[in-house]
Amino acid sequence: MWSYLVRRVAQAILILFIITMLCFILTRLSSDPMAQYANKPGITAADRAAIAKSLGLDQPLPVQYIRWIGLALQGNLGNSFFSKQPVLTMIEQRLPLTLILMGTAEVVIIIVALTLGLVAAVKQYSFVDNLITSFSFIGYSMPIFFIAFGSIEIFAVQFKVWGLPYLPTGADIWDPKDPLALARHLVLPVFSLVAIQTAGYSRYLRSSILEVLGMDYVRTAHAKGLSNRAVLFKHALRNAILPFVTIVGLDIPFLLGGALVTESIFAWPGMGRLFWEYAERGDYPVVLGVLLVTSTAVVFFTIIVDLAYTIIDPRIRLS
Amino acid sequence: MAATDESTIISTLSLKSTETKQPLTPGQLVWRRFRRHRMAMLGGIGIILLVLFIVIGSIVVPESRANNTDLRSRLAAPTSTHWFGTDSVGRDVFNRVIYGGQISLFIGIFAVVLEVTLGTLIGGFAAYYGGWVDAILMRFTEAMLAIPSLFLLIVLAKFIGQNVGQVTILGRTFSGSIGIVILVIGVTSWMFLARIVRANVLSLKELDYISASKALGANNRHVFFSHLVPNTLGPIIVAATLGLASAILTEAYVSFLGLGVQSPTSTWGNMMQSAQSFLEQGAWWMWVFPSFFIIFTILCINLLGDGLRDALDPRSSKHL
């Protein structure tokens, strides 16, 4: 167990090292932080050289990388070129909003997927099952902007036309005088995320519940006279849900990165939009900071999920 | 008389039985299983219809009509002259859907070709050579998987897409960004395929026929490309089909973010992007039609991919 853990952590550190190198090289080559000074009147070539020197951009790339990673290890991700704020502060400001959006969506997704998967499995090949399966197939094949545009068209645009209370789609999501504003702003993006992501989960649950229902111990449970409900919830569901826990656990760290497209459609000021806004400007400390935070979370969650799995399923032995 | 009758009957009988006992080739077996999969057949027919629509459409409608702006009839709802309405500069949405489909499918197919090539080579080499080659390639794969794919895509698209000109192929001018989008999607999507191929080759390379081939003097290249890759083709085909669906979807996302193919060349993704600004004005036809085509395409490809999985790998048919 301990040697396994040590090996996994060593591997994770190696992977993180590769990630930082990959990200550093790509972001540094793709963005020129000096571009914003290029055509400004009053800034001479000597000034530009001085600015580059003060930002450390005159050094060769490997030196820049070592300097950046050295500071990052001390918890300093540098300052944004554009807003001059420390990157870590900017991430700390955006992270709660992303967590509110993605956390709410994830909870709703899990509840809906569990319900749909369960119903579809229990009523296999019935009309309801076919309906759920067809809808999850369609949801699985849909780009999120279709459902997002559709819900904006109906609940924001048409409701306004019909004189009904309509839902907001952007602008200020936080209003100190009206705490419910946040909840109202959540409805449409959460709805869109749920409509898209539930599909995959519920299909997965359906098949794993069906697999478990065909097992011998389920037949034994029926044979000893348990009610369908008891068999389903006390015996079948517990085992069917195990692989699902892994899948959800592995998806959770990706929630930190936010939903870039959804956040940009609904003007939600989360991590995805932070990344997108600053990637467009070539502000590489921010881009690197977001990449580092999310991928570190992904790498370490993978280990945590593996360890958690051995606790919920004692049959699994780590080696 | 009776004897000859009997013998002819026997001979025809035996002829018949040898005919029916003729073993089916693996291809015929796959086709038989695939044919039974009704939804997959439906998906296949849908894709054929879609391709026919795009091919016939591009023959009937010249490209100039799809890019023709007409500011007098901008943002017009669907009518008998403009079946799918017009966009913000008066271009016909129906014509743009045809040409957008061409580009979207083109990008999807070539991105998958790149994805399959990279995935097969990286996964295959990792498994075949093992040891430190395997360790390095797989750590690299895991590193790529840990970065949220859309983030990676954006950084990469900005990296290689800084200044591209126009490309002229067969007398038609395309925005050079098409090549960049293909490259970016291919380079960010090969990881799952590499893992599948690796797992397959790992088990295949221990089999006796590989040792036999080596004993006969076959070199690594021959063993890899003539034995290992063909025997992994089933999972590769399935992954490639499902990869095509996600490549088309990714193209839509990339173009939607404005990093993909640039106007006037239309794709289903950048049509959605141009629709976003006119959402509040109720110009629903600008996004409903392109997204209908995206959903239809992805749905058909996914159905086909599921059917192929069941047909090529009967052991995994329990997945749904």
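Note that this is a predicted model, so its numbers are computed, not measured.
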Counting only non-hydrogen atoms closer than 4.5 Å, does [X] touch chain B with its backbone (N, CA, C, O), its side chain (CB onward), both, or neither?
{"X": "L292(A)", "value": "neither"}
{"X": "F149(A)", "value": "both"}
{"X": "I15(A)", "value": "both"}

Answer with side chain, backbone, both or neither: which region of [X] has an atom nearer than 4.5 Å to a non-hydrogen atom of chain A?
{"X": "F296(B)", "result": "neither"}
{"X": "L249(B)", "result": "side chain"}
{"X": "I154(B)", "result": "side chain"}
{"X": "L259(B)", "result": "side chain"}
{"X": "A252(B)", "result": "both"}

Problem set entry | Nearest-0.5 Å distance, CD1 of residue I294(B) to OH of residue Y253(B) |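 One gets 9.0 Å once the value is rounded to the nearest 0.5 Å.
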Evaluate the ring planes of [X] and [Y], with Trp represented by its six-membered ring, and classify them as parallel (under 30°), tilted (30 to 60°) or perpendicular (over 60°).
{"X": "F53(B)", "Y": "F293(B)", "answer": "parallel"}
{"X": "W68(A)", "Y": "Y65(A)", "answer": "tilted"}
{"X": "W190(B)", "Y": "F140(B)", "answer": "parallel"}

Exercise. Of the listed residues (V290(A), I144(A), T296(A)), which shares the most heavy-atom pairs with chain B below a 4.5 Å separation?
Worked result: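 Heavy-atom pairs under 4.5 Å are most numerous for I144(A).
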Exercise. So which of G150(A), S264(A), C23(A), G272(A) has the biggest tally of heavy-atom pairs under 4.5 Å with chain B?
Worked result: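 Greatest number of close heavy-atom pairs with chain B: G150(A).
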Exercise. Among L288(A), D283(A), V287(A), which one satisfies side-chain contact (heavy atoms from CB on, under 4.5 Å) with P285(A)?
Worked result: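 That would be D283(A).
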For this session: Look at E277(A) together with R94(A) and state whether they make a salt bridge at an N to O cut-off of under 4.0 Å.
Result: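 Yes.
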For this session: Would you mind listing every side chain to side chain donor-acceptor pair (under 3.5 Å) that reaches into residues 140-154 of chain B, with sequence neighbours excluded?
Result: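 Side chain to side chain donor-acceptor pair (under 3.5 Å) check on residues 140-154 of chain B returns R139(B)-E142(B).
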Exercise. Sequence neighbours excluded, which residues qualify as side-chain contact (heavy atoms from CB on, under 4.5 Å) partners of I295(B)?
Worked result: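 I295(B) satisfies side-chain contact (heavy atoms from CB on, under 4.5 Å) with I138(A), M142(A), P143(A), F146(A) once adjacent residues are dropped.
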For this session: Determine the option with the most heavy-atom pairs under 4.5 angstrom with chain A, choosing from A245(B), S291(B), C300(B), S246(B).
Result: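 The residue among A245(B), S291(B), C300(B), S246(B) with the greatest pair count is S291(B).
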